[in-house]
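The structure under discussion appears below in the form of structure tokens.
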Amino acid sequence: MGWWQEQKWQRWQARHPLPETAWRNVCTTLPLLSGLSEALLARLGVRSWRVLFELRLSLPRGVEWSVEAHLAMAAQVALMSLGWSDRRALEALGDTREIIVVPGAFRRHVQELDDFGVMHEFDDERAGETSQGGPVVLSLEDIERCGDWQGFNVIIHEFAHKLDMTGNMAVDGQPALPAHIDSRAWYDTFMHAWDALQATLERGEVPAIDDYAATHPSEFFAVCCEYFFSAPDLLENTWPDLYALLVRYFDQNPLERLHALKSDHDDVAKPSS
């Protein structure tokens, strides 16, 4: 099936090549792509185009997206696996077959069993939702907030859950790991940061990252992935060991790009002598 799907992609790509003008517009208007080399932007363009080939997109009634809008969303999905091989990047999509975009945040009635066997029921407002074997659901309002360096990205958050699901059925914050990362080291690093976050909240202090990360290890992983790509300076300042681990996992370092971007901005802002 993998061989057949690859052949389908190659034939589709030959008939429908990446729209270069639209892609160039995305490259110049999506802040998260700042600092990527021309070679990496070219790779990201092809992979973004493949995301749109692999995944069906359902938009709210009456909403129409430009080619640039499709590519901008797909680019944020593909950015996560940009440092990986083509095969591993494709495998990162896991069982995802569809992205469903809804108008805004939505509510779900949730039932959760805690560690003591007590069932809790509550209504939860969500900007996105992911399930094993199901689609990725994203709020249009929140998609429109994505793409900058402010620490929020529902696209990356929900697809981080899909990465989590590649590890095992538990959805516990530990995705399938490459051979060069020890699973125990991963667990210890994340648990150290998790415990630090819980201690911060118990002291009544405001944490450095979104406190939603403290609700479950899987949410902690997803929120950390958001910050890794969209606020790497904050994540690295808070938990440098965790940030370094994610650099090894994703095989890329967004902080270097952000530093270069800030340096360029400072150079432009300096008054001429």
Side-chain angles (χ1 to χ4, degrees), residues 31-36 76-84 88-89 91-92 94 115 127-128 130 146-168 170-262:
L32 279 189
L33 307 190
S34 301
L36 289 173
Q76 292 170 80
V77 176
L79 180 64
M80 299 173 70
S81 56
L82 184 59
W84 299 346
R88 188 178 170 200
E91 291 172 349
D115 294 337
T130 304
C146 296
D148 57 25
W149 298 93
Q150 300 301 312
F152 174 85
N153 195 298
V154 67
I155 301 169
I156 290 174
H157 183 106
E158 295 305 326
F159 275 89
H161 283 313
K162 285 294 187 179
L163 286 180
D164 193 354
M165 293 172 188
T166 64
N168 50 54
V171 193
D172 56 1
Q174 183 157 315
L177 298 174
H180 65 273
I181 295 181
D182 178 71
S183 60
R184 185 67 198 185
W186 178 279
Y187 176 83
D188 289 345
T189 302
F190 267 87
M191 283 306 300
H192 176 76
W194 166 267
D195 290 341
L197 176 60
Q198 299 296 332
T200 297
L201 293 172
E202 288 172 4
R203 292 192 299 268
E205 299 173 1
V206 177
I209 69 171
D210 187 350
D211 60 7
Y212 185 64
T215 60
H216 192 275
S218 65
E219 297 298 346
F220 184 71
F221 171 67
V223 170
C224 285
C225 288
E226 278 188 86
Y227 280 81
F228 179 77
F229 286 102
S230 63
D233 50 345
L234 193 153
L235 185 64
E236 199 273 340
N237 286 337
T238 307
W239 297 304
D241 290 346
L242 189 151
Y243 181 82
L245 182 63
L246 288 177
V247 167
R248 295 176 61 211
Y249 173 69
F250 285 110
D251 290 331
Q252 54 180 303
N253 191 345
L255 185 57
E256 291 181 349
R257 298 194 289 112
L258 181 58
H259 280 165
L261 183 64
K262 288 182 176 180

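Note that the numbering runs from 1 along the sequence shown for the chain.
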Can I156 and L32 be said to form a side chain to side chain contact (heavy atoms under 4.5 Å, CB included), step by step? CA-CA 12 Å; I156 290 174; L32 279 189; 4.3 Å; yes

Rounded to the nearest 0.5 angstrom, the CG-CD distance for D210 and E226 is 7.5 Å

Of all heavy-atom pairs linking F221 and A160, the shortest is CE2-O, 3.3 Å

Would you check, one step at a time, whether the test side chain to side chain contact (heavy atoms under 4.5 Å, CB included) holds for F159 with C225? CA-CA 9 Å; F159 275 89; C225 288; over 6 Å; no

Report yes if some heavy atom in the side chain of W84 is under 4.5 Å from a heavy atom in the side chain of P178; otherwise report no. no

Distance-minimising heavy-atom pair for L163 and T166: O-OG1, 2.5 Å

Between T130 and M165, is a side chain to side chain contact (heavy atoms under 4.5 Å, CB included) present by the stated rule, with each step listed? CA-CA 10 Å; T130 304; M165 293 172 188; 3.7 Å; yes

Say whether, by atom type as modelled, one donor and one acceptor occur between the side chain of R257 and the main chain of L36 under 3.5 angstrom. no

Go through the side-chain N and O atoms of T200 and E205 and say whether any donor and acceptor fall under 3.5 Å apart. no

Under 6.0 Å from the OH atom of Y187, do we count more than 12 heavy atoms belonging to anything else shown? no

Which heavy-atom pair separates A193 from L242 by the least distance, and what is that distance? CB-CD1, 3.6 Å

To the nearest 0.5 Å, what is the distance between NE2 on H192 and CG on L197? 12.0 Å

Straight-line distance of C224 SG to L246 CG, nearest 0.5 Å: 7.0 Å

Give the C-alpha distance, both sets of side-chain angles, the deciding distance and a yes or no for side chain to side chain contact (heavy atoms under 4.5 Å, CB included) between H161 and H157. CA-CA 7 Å; H161 283 313; H157 183 106; 3.2 Å; yes

Residue pair P31 / W149: nearest heavy atoms and the distance that separates them: O-NE1, 3.0 Å

Taking W239 as the fixed residue, which of F220, F190, Y227 is the one that meets the ring pair (Phe, Tyr, Trp, His ring centres under 6.0 Å) rule? F220

To check you understand the geometry: which heavy-atom pair defines the closest contact between L234 and I209, and what is its length? CD2-CG2, 3.8 Å

Taking the six-membered ring of F228 as reference, does the cationic atom of R248 (NZ for Lys, CZ for Arg) lie under 6.0 Å from its centre and within 45° of its axis? no

With F229 as partner, the option from L79, L235, N153 fulfilling side-chain contact (heavy atoms from CB on, under 4.5 Å) is L79

Residues A214 and W194: closest non-hydrogen pair is O-CH2, 3.2 Å

CD of Q252 to CE of M80: how many Å apart, nearest 0.5 Å? 9.5 Å

Taking W186 for its side chain and G173 for its backbone only, find out whether a donor-acceptor pair lies under 3.5 Å. yes

CG of D241 to CG of D188, rounded to nearest 0.5 Å, is 11.0 Å

With heavy-atom distances below 4.5 Å as the criterion, would you say the side chains of H180 and D251 are in contact? yes

No-hydrogen, no-angle side-chain donor-acceptor test under 3.5 Å, Y243 and N253: yes

How long is the span from the CG atom in L261 to the CG atom in L255, to the nearest 0.5 Å? 11.5 Å

